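Predicted model only: the values in this text are computed from it and were never measured. All chains are named by letter (A, B, ...) in the order of the sequence lines, taking the proteins before the strands, and each is independently numbered beginning at 1.
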Amino acid sequence: MSEIQLQIDGKEVKAKEGMTLLEAAQNAGIFIPTLCHHEKLEPFGGCRFCIVEVEVNGWTKLVVSCVYPVEENIIVRTRSEKVDRIRKTIIELLMAHAPDSPQLQDLAQEYGAVRDRFEKDASFCIHCGLCVRYCAEVAKKNAIGFVGRGINKEISFIPEIAAKECNNCKECFPLCPTSYLQAAFVLVEALAFPSPSSKPEPEE
Amino acid sequence: MEIDKIDQIIDKHHGEASSLLQILLDIQSENSWLTKEALGRVSEKLNVPLNRIQHIVTFYKAFSLVPKGRHQVHICVGTACHVRGATRILDTVEEATGIKPGETDLDLKFSLETVNCLGCCALGPVMEVDGKVHGKMSPVKTAEVLKMTVS
Ligand code: SF4
Ligand code: FES
Ligand code: FES
């Protein structure tokens, strides 16, 4: 595979063809913040938080680094006024849904995002898809999926599969940036497969 | 809907996962809604996980996961129909059937939906019942069409 030479934040970086910008940066020890990226999972490009500025022949454009393949001689800036402003707005929008997520709060501090800029719509899930993709790609159980679209999109467990698989796995739990996943699980557990201890005691 | 019928539809598409959408549409038009059993069967035969099927059938408005009425009523609320009084038509239907858009009455007589333009704005306000377009509707005409539909 051919080698590709590019510049990230002023540093000359070598990458292999087919790599994403994010991977190239990580290999070079350069940090790009992400929300929906996970090294074990296929690139998703859902949150847009990893956005960076790319300069090609004097033209700059904004690209999503976790899905953008490396190119010869491009100049990448992982922070700039524009990039920071976009990331700030992304956090502010996500905080309308999950105002108390520690991960979002940390990022908000870094980028000066205002927690209450947008009216609250506390649906908690920020649609990063980590739980859904982890269950499909790594755990290979497909116990959880998305339903609906647009503003009505939600995650949803398949109760029959969840009842069989989830109690011995739960590997997706720590991935969720908002802990909505745990809440959804508790709900499906209570509704669809109550544990023996939560069943009412038989009467004497 | 019987399993045999579902299997037939799946076989017609050679059981290929790439025909998933077409298979679901066929079941939908055959049965007017998608039962849990049907989805389970499709998932099993095509080897497509149920969560993906669930995502698809909740994404497109063409699919229904609840029983549909015998008559499908679509009221156009697109811009042209809206300015010509689509809301009054919708109100009339809601009153006559007792259901709101997206709902089906308990006797499974009607299902009501709104649409955003049926492509014949000059006829507005437009209502479509079981695929037949009725134009230049008034509340009185609307009530008549509904009455004729069930008689
Ligand atoms: S529940 Fe959590 S992990 Fe799953 S999509 Fe929503 S925010 Fe992401
Ligand atoms: S990390 Fe790149 S879009 Fe989410
Ligand atoms: S707006 Fe009703 S048919 Fe076009």
Side-chain angles (χ1 to χ4, degrees), chain A residues 36 38 40-42 44-46 123 125-167 169-173 175-176 180-182 184-185 187-189 191-193, chain B residues 1 3 6 10 15-25 27-28 33-68 74 77-79 99-104 111-117:
Chain A
C36 70
H38 189 285
K40 284 191 191 157
L41 304 177
E42 289 292 313
F44 185 57
S123 51
C125 176
I126 58 166
H127 300 155
C128 69
L130 286 170
C131 53
V132 173
R133 291 180 293 139
Y134 190 91
C135 194
E137 293 174 33
V138 180
K140 298 211 165 31
K141 307 281 189 230
N142 290 298
I144 183 165
F146 279 119
V147 294
R149 66 172 162 182
I151 57 166
N152 297 319
K153 191 170 171 184
E154 279 179 12
I155 53 156
S156 162
F157 281 95
I158 304 228
E160 290 82 357
I161 303 177
K164 266 209 310 265
E165 308 286 357
C166 291
N167 272 321
C169 173
K170 296 189 180 168
E171 284 165 29
C172 58
F173 279 22
L175 302 181
C176 180
Y180 177 65
L181 175 60
Q182 281 93 323
F185 182 75
L187 207 64
V188 72
E189 205 177 22
L191 288 174
F193 49 103
Chain B
M1 196 175 186
I3 287 284
I6 295 163
I10 295 173
E16 277 181 45
S18 58
S19 306
L20 174 62
L21 212 53
Q22 203 50 53
I23 292 171
L24 292 171
L25 281 170
I27 299 175
Q28 168 78 39
W33 69 293
L34 300 169
T35 60
K36 195 168 174 185
E37 290 70 36
L39 296 184
R41 187 68 180 174
V42 172
S43 161
E44 193 182 299
K45 294 265 287 193
L46 301 189
N47 215 354
V48 176
L50 198 56
N51 64 345
R52 272 199 42 214
I53 297 185
Q54 196 178 261
H55 193 183
I56 292 169
V57 298
T58 54
F59 188 93
Y60 295 106
K61 236 183 152 183
F63 297 118
S64 173
L65 293 174
V66 289
K68 282 278 184 175
H74 290 111
V77 292
T79 315
I99 50 172
K100 297 230 173 299
E103 296 179 348
T104 300
S111 290
L112 178 59
E113 294 284 348
T114 56
V115 290
N116 292 325
C117 186

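- Remark: A:K153 NZ to B:H55 NE2 distance equals 5.0 Å, nearest 0.5 Å.
- Top candidate by heavy-atom pairs under 4.5 Å with chain A, chosen from B:L50, B:V57, B:I56, is B:L50.
- Nearest heavy atoms, A:S156 versus B:Q54: OG-NE2, 3.5 Å.
- Summarising the local packing, CZ of B:R52 is surrounded by 12 or fewer heavy atoms from other residues, nucleotides or ligands at distances under 6.0 Å.
- Taking a 6.0 Å sphere around NZ of B:K61, one finds it holds more than 12 heavy atoms contributed by other residues, nucleotides or ligands.
- With hydrogens and angles ignored, the 3.5 Å screen pairs a side-chain donor or acceptor of B:N51 with a backbone N or O of A:I144.
- Residue A:K170 qualifies as enclosed at atom NZ: its count of foreign heavy atoms under 6.0 Å is above 12.
- Crowding of A:I151 atom CD1: a count of heavy atoms from other residues, nucleotides or ligands under 6.0 Å not exceeding 12.
- A distance of 8.5 Å separates CG of A:N142 from OG of B:S43, quoted to the nearest 0.5 Å.
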